[in-house]
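Here, residue 1 is the first one in the sequence, and each next residue gets the next number.
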Amino acid sequence: MVRQCHSNTCPVGVCTQNPELRKKFTGTPEKVVNLFSFTPKEVRDILASLGFKSLDDVVGRTDLLHQVSRGAAHLDDLDLNPLLVQPIPEGYRRAIPSKAATKCARRSTRR
């Protein structure tokens with residue numbers, strides 16, 4: 001994904017009103033609509049297969065993640081395990097923190 005699409009300079013012409021850039025897009029609007037229709041369905045299917053009902057149920061659940069090998073040494077040189085560790089507070093029996101500790105309590109001001 002390109003981080004400039006929102007600024008009307010989309011290099012592939014999907015997210016722009018600029019006629020010159022729009023010529024680069026070889027797909028159809030229906031394909032874009034299908035992408036955004038099927039993505040949430042696929043997310044729901046994956047969540048259901050994991051036994052969850054919503055994204056809120058998995059936010060902050062790093063215990064569900066694990067690093068996979070990509071099959072080549074140059075692709076596996078970044079160790080993500082330190083980011084995935086869930087420290088257990090002293091005297092605390094549960095390895096998974098409460099939902100309140102893993103969710104952002106502040107609403108976004110973006111639109």
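Going from atom CG of Leu80 over to atom OG1 of Thr62 covers 12.0 Å, rounded to the nearest 0.5 Å. With values rounded to the nearest 0.5 angstrom, Arg22 atom CZ is found 10.0 Å from Cys15 atom SG. To the nearest 0.5 Å, the span separating CD1 on Ile46 from NZ on Lys41 amounts to 10.5 Å.
The shortest side-chain heavy-atom distance between Leu50 and Leu64 does not fall under the 4.5 Å cut-off. Annotation: side chain of Val32 is in contact with side chain of Val14 (closest heavy-atom distance under 4.5 Å). Using a 4.5 Å cut-off on side-chain heavy atoms (C-beta onward), Val43 and Leu55 make contact.
When the salt bridge (Lys or Arg N to Asp or Glu O under 4.0 Å) test is applied to Lys53, no partner is found at least two apart in sequence or on another chain. By the salt bridge (Lys or Arg N to Asp or Glu O under 4.0 Å) test, Glu20 pairs with Lys23, sequence neighbours left out.
Not one N or O on the side chain of Asn18 forms a donor-acceptor pair closer than 3.5 Å with the backbone of Asn8.
Across all their heavy atoms, Leu47 and Ser54 have their closest contact at CD1-C, 3.7 Å.
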